[in-house]
Number of protein chains: 2
Amino acid sequence: MRQSSFNNMGCPIAGALEHFGDWWSLLIMRDALDGFTRFDEFQENLGIAPNILTRRLKSLTDAGLLERRQYSERPARYEYLLTESGRDLGPVIVALYLWGIKHTDLDHHSVVLVDQDSGAEIEPVYVDRRSGRPLREIRAVFAAGRAATDQMRRRHGPETKAALRDRALRSGAAAL
Amino acid sequence: MRQSSFNNMGCPIAGALEHFGDWWSLLIMRDALDGFTRFDEFQENLGIAPNILTRRLKSLTDAGLLERRQYSERPARYEYLLTESGRDLGPVIVALYLWGIKHTDLDHHSVVLVDQDSGAEIEPVYVDRRSGRPLREIRAVFAAGRAATDQMRRRHGPETKAALRDRALRSGAAAL
DNA sequence: CAGTATCCTGTCCGATACTG
DNA sequence: CAGTATCGGACAGGATACTG
């Protein structure tokens, strides 16, 4: 994707990908969420070329996902800390992890998510906060909000909200 | 990322990204989960060049996320249907969506996630399936499973599980 | 240690034209 | 409608050398 030439069409997903949608950025954020903060830690973990790492770190910092902080005067040393929006990538990483252990042929227990206090393994599931029902059991679907009906029309043609839902229903797309 | 030259180091996240880690693939999957199935629907929604779309569709099909099915004999017509592993991308899309509405400057209600039966808006939260506790409130952290302690050692040096957890703790990485 | 500076290659992608 | 074929440009990314 030619970075800037892209029109995200008002889609939050495209908007998100615009900030960290490339290979290395996600992997760097994974490491950052694992608690790594320093240039050479990233470099060693990822096996990334230093110039590329510089570039990615800068773009992540510009995007506000990481914060560059000097932790030593002489010699000048910097570390990269998670910002709040960086920390909010946690669920994205979790979702990718869950897909990965299910659908790649790695040993299913090569990496596990644990509760650090109890040591118990965690099995994350998306639920609706209000009803508590798992999303898998809900026929969940994206629908155009009031404010964006126009944009959606442009994207999807003159479909109504109902038609959009029908379409999603037809294809079994409800398994979000 | 030079696709094949990459060693995913046994990481399920890197493994996942290897299958659909580029820009267009995720956006195509978003549309597929929205119920779109046909070449020209993708093309119009995304504004993607046809040759690129062909390439991405092929790679997604090869990766097993989509299934190409002929739905008309004469003329020959094909559609792209979600496979199970494709459907399992739902949570990834949801996670990206949630980050997007929170951290991009789109109207927060341009697109909403709704329960198609009740019409009620859904607010997805990751919880631990067993305890029901939101992941935000758990000090969740990735840890090397038994089977992979060796690989992790290679990645992280001679750190123990405990040291890994400490590191995560220090940086506030628990907010997965 | 934490990068910067160069050079080079691959390939992702867009534009366009064409086909059954 | 559902693509294939071809061309060209822009970067991403790797390798390597160098610096305070």
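The sequence lines fix the lettering, A, B, ..., with proteins before strands; numbering per chain opens at 1.
Counting atom types as modelled, A/Asn51 pairs a side-chain N or O with a base atom of D/dG14 as donor and acceptor under 3.5 Å.
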Give the dot-bracket string for DNA chain C, reading 5' to 3', where a pair is Watson-Crick or G-U wobble with both distances under 3.5 Å, ( ) marks pairs inside the strand, [ ] marks pairs crossing earlier ones, | marks a partner on another strand, and . marks unpaired.
||||||||||||||||||||
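At D/dA2, one or more side-chain N or O atoms of B/Tyr71 fall inside 4.0 Å of OP1 or OP2 (strictly under the cut-off). Residue A/Thr54 places at least one side-chain N or O under 4.0 Å from the OP1 or OP2 atom of C/dT4. Taking 4.0 angstrom as the limit, A/Arg68 places a side-chain polar atom (N or O) nearer than this to OP1 or OP2 of C/dG3. Between A/Arg55 and the phosphate of D/dG13, there is no side-chain N or O to OP1/OP2 separation shorter than 4.0 Å. In terms of phosphate contacts, B/Arg38 brings no side-chain nitrogen or oxygen within less than 4.0 Å of OP1 or OP2 of D/dC1.
In this structure, A/Phe42 atom CZ and C/dG3 atom P are separated by 10 Å, rounded to whole Å. When rounded to the nearest whole Å, the span between OH of A/Tyr78 and C1' of D/dG20 equals 12 Å. Straight-line distance from the CH2 atom of A/Trp24 to the P atom of D/dC11: 21 Å, rounded to whole Å. At whole-Å resolution of the value, CG in A/Leu53 and C1' in D/dA15 are 15 Å apart. Computed from coordinates, the B/Gln43 CD to D/dC1 C1' distance equals 10 Å when rounded to whole Å. Rounded to whole Å, the distance from CG on A/Leu57 to P on D/dA12 is 15 Å.
Checked against the 6.0 Å centroid criterion, the rings of B/Phe142 and A/Tyr97 qualify as a close aromatic pair.
Heavy atoms of B/Tyr80 sit under 4.0 angstrom from primed sugar atoms or phosphate atoms, though from no base atom. B/Pro50 comes within 4.0 angstrom of a base, heavy atoms only.
Linking ILVMFWY side-chain heavy atoms closer than 4.5 Å, directly or via other members, places A/Leu53 and A/Trp23 in a single hydrophobic cluster.
Checked against A/Tyr80 for a side-chain contact (heavy atoms from CB on, under 4.5 Å), the options A/Leu60, A/Leu65, A/Asp31, A/Leu57 give a single hit: A/Leu57.
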